[in-house]
> 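I have a structure I would like to understand better, so I am pasting it below and will then ask my questions one at a time.
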Amino acid sequence: MGFGSSGITWDNNENSYVAGIELEGRKKIGDHFEFRSNVTLVKSYSQFVRKELIVLPNNQSLYIPIDTVERTMFGQAPYIVNGILSYSSDTLGLTATVSYNVQGPRLVLTGILKGRPDVYEMPRHTVDIKVSKTLSKHFSMSLTVRDLLNAPVRRAYKTPSGYIDYDRFRYGTNFQVGLSYKL
């Protein structure tokens with residue numbers, strides 16, 4: 001997906017490459033706590049032929065190849081880090097989880113035309129919490145808080161001198177309360 005002469009458009013790449021490694025671990029801490037984490041490291045690139053749009057007098061359009069650009073694959077972060085700390089007690093009927101996530105800069109808009117820089121979504125730290133409590137044999141309730149930090153989503157142009165903001169916004173913190181009945 002990228003900036004074309006007529007706005008945002010889609011184009012498929014003929015050549016792409018991705019390779020990576022994921023490391024995962026889990027550690028029990030005492031009787032009630034458990035820590036889990038994973039780290040993913042990825043190397044990716046795509047070759048993209050940048051084109052120039054020419055509109056002919058008969059209103060037909062013609063794309064002329066200009067150059068070949070090599071960049072990371074669309075939407076692929078170079079790293080992802082997750083961590084989860086869980087508490088569980090059967091005697092209390094209680095489970096609680098705190099999770100953390102961050103991923104590296106990922107390409108979200110490509111500069112299809114020469115002179116238009118690529119746009120990357122910058123790393124964003126998120127923390128989520130979920131607490132569940134059994135109330136009786138059939139009923140339980142839960143509270144979920146998503147994006148506790150309400151971290152801003154920052155997308156930026158990648159230029160030779162660094163990143164320049166394209167836009168910045170927040171999704172907001174989301175609270176969800178649930179009541180469940182189990183047969």
Side-chain angles (χ1 to χ4, degrees), residues 1-2 8 10 12-13 16-46 71-110 118-158 162-183:
M1 182 169 69
I8 294 178
W10 288 94
N12 289 324
N13 292 345
S16 294
Y17 168 85
V18 65
I21 186 169
E22 182 176 2
L23 305 171
E24 194 168 18
R26 186 167 82 175
K27 175 72 176 163
K28 194 96 165 135
I29 306 168
D31 293 334
H32 301 288
F33 289 95
E34 181 180 68
F35 178 73
R36 291 175 286 179
S37 180
N38 66 35
V39 175
T40 303
L41 303 172
V42 177
K43 174 72 176 162
S44 73
Y45 68 84
S46 288
R71 57 179 159 225
T72 60
M73 286 180 68
F74 182 83
Q76 179 62 61
Y79 64 86
I80 301 169
V81 178
N82 294 299
I84 299 171
L85 179 63
S86 299
Y87 171 84
S88 182
S89 171
D90 292 336
T91 57
L92 296 175
L94 181 69
T95 59
T97 303
V98 177
S99 61
Y100 167 81
N101 172 271
V102 65
Q103 56 186 335
R106 52 191 194 101
L107 182 61
V108 292
L109 289 171
T110 60
D118 296 331
V119 176
Y120 285 77
E121 185 174 309
M122 305 309 290
R124 179 172 172 262
H125 302 271
T126 60
V127 174
D128 298 337
I129 297 173
K130 182 170 185 176
V131 178
S132 299
K133 172 76 172 119
T134 301
L135 302 174
S136 68
K137 181 178 176 183
H138 298 286
F139 285 98
S140 63
M141 85 182 292
S142 64
L143 170 67
T144 304
V145 181
R146 290 197 176 95
D147 196 3
L148 180 68
L149 304 175
N150 192 18
V153 175
R154 177 181 170 231
R155 298 186 298 181
Y157 292 108
K158 185 177 184 180
Y163 290 99
I164 300 170
D165 279 0
Y166 169 75
D167 65 0
R168 184 184 293 248
F169 58 92
R170 295 176 191 268
Y171 288 117
T173 301
N174 181 289
F175 296 87
Q176 183 179 5
V177 177
L179 180 64
S180 300
Y181 179 80
K182 191 185 292 186
L183 297 174

> Is the backbone of Y87 close enough, under 3.5 Å, to the side chain of H32 for a donor and an acceptor to pair up by distance?
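Not at all, since once roles are kept as given, no pair shorter than 3.5 Å links the two residues.
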> Please determine whether a side-chain nitrogen of the Lys or Arg among K27 and E34 lies less than 4.0 Å from a carboxylate oxygen of the Asp or Glu.
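The answer is no: the pair does not qualify as a salt bridge.
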> Any luck finding a side-chain donor-acceptor pair between R146 and Q176 under 3.5 Å?
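Yes, Q176 and R146 have a side-chain donor paired with an acceptor closer than 3.5 Å.
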> Can you tell if the side chain of P78 reaches within under 4.5 Å of the side chain of P105, non-hydrogen atoms only?
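Answer yes - side chains close enough.
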> Once rounded to the nearest 0.5 Å, what's the spacing between atom OG of S99 and atom CG of L148?
10.0 Å
> Please determine whether a side-chain nitrogen of the Lys or Arg among R155 and E121 lies less than 4.0 Å from a carboxylate oxygen of the Asp or Glu.
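No salt bridge links R155 with E121.
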> To the nearest 0.5 Å, tell me how far L107 CG sits from T72 OG1.
5.0 Å
> Output a table of donor-acceptor pairs, distance under 3.5 Å, between side-chain atoms of residues 127-138 and any protein atom two or more places apart or on a different chain; print 'none' if there are none.
residue	atom	partner	partner atom	Å
D128	OD1	D147	N	2.7
K133	NZ	L92	O	2.5
S136	OG	H138	N	3.4
S136	OG	F139	N	3.2
H138	ND1	K182	O	2.7

> Do Y100 and H125 come within less than 4.5 Å of each other through their side chains, counting heavy atoms only?
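A side-chain contact exists here, since the closest heavy-atom pair is under 4.5 Å.
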> Quick one: closest heavy-atom pair of D31 and K28, and the distance?
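Distance-wise, the nearest heavy atoms are O-NZ, 4.0 Å.
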> Can you find a heavy atom in the side chain of Y171 that is under 4.5 Å from one in the side chain of V153?
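Y171 vs V153: side chains touch.
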> Give a yes or no on this: more than 12 heavy atoms of other residues, nucleotides or ligands lie within 6.0 Å of atom CG of D167.
yes
> Restricting to non-hydrogen atoms, name the atom on S86 and the atom on R36 that form the minimum distance, rounded to 0.1 Å.
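Answer, listing the atom of S86 first, then R36: OG-NH2, 3.3 Å.
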> What are the two closest heavy atoms between V18 and S44, and how far apart are they?
CG2-CB, 3.9 Å
> Between NZ of K43 and OH of Y17, what distance do you get to the nearest 0.5 Å?
9.0 Å
> Find the distance between CG (L109) and OH (Y166) and round it off to the nearest 0.5 Å.
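One finds 5.0 Å between CG of L109 and OH of Y166.
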> Do T126 and V102 come close enough that some side-chain heavy atom pair is under 4.5 Å?
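Not touching, per the 4.5 Å side-chain cut-off.
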> Could you tell me whether a side-chain N or O of R124 sits under 3.5 Å from a main-chain N or O of A151, the two making a donor and an acceptor?
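Side chain of R124 to backbone of A151: a pair is present.
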> Any side-chain heavy atom of P123 within less than 4.5 Å of one from Y79?
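Heavy-atom side-chain distance check passes, below 4.5 Å.
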> Is there a side-chain contact (heavy atoms from CB on, under 4.5 Å) between I84 and T97? Walk through the geometry before answering.
CA-CA 7 Å; I84 299 171; T97 303; 3.4 Å; yes
> Give a yes or no on whether F35 atom CZ has more than 12 heavy-atom contacts from other residues, nucleotides or ligands under 6.0 Å away.
yes
> Take the angle between the ring planes of Y120 and Y163 and call it parallel below 30°, perpendicular above 60°, tilted in between.
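If you compare the ring of Y120 with that of Y163, the planes turn out perpendicular.
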> Quick one: OG on S140 to OH on Y181, what's the gap to the nearest 0.5 Å?
12.0 Å
> What is the distance from atom CD of Q103 to atom CG of N82, rounded to the nearest 0.5 Å?
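The CD atom of Q103 sits 8.5 Å away from the CG atom of N82.
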> Taking the side chain as every heavy atom from C-beta outward, state whether F33 and L85 have any pair of such atoms under 4.5 Å apart.
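Yes. Closest side-chain heavy atoms under 4.5 Å.
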> Using the rule given for side-chain contact (heavy atoms from CB on, under 4.5 Å), can you reason through K158 versus V119, listing the C-alpha separation, both sets of side-chain angles and the distance that settles it, and then say yes or no?
CA-CA 6 Å; K158 185 177 184 180; V119 176; over 6 Å; no
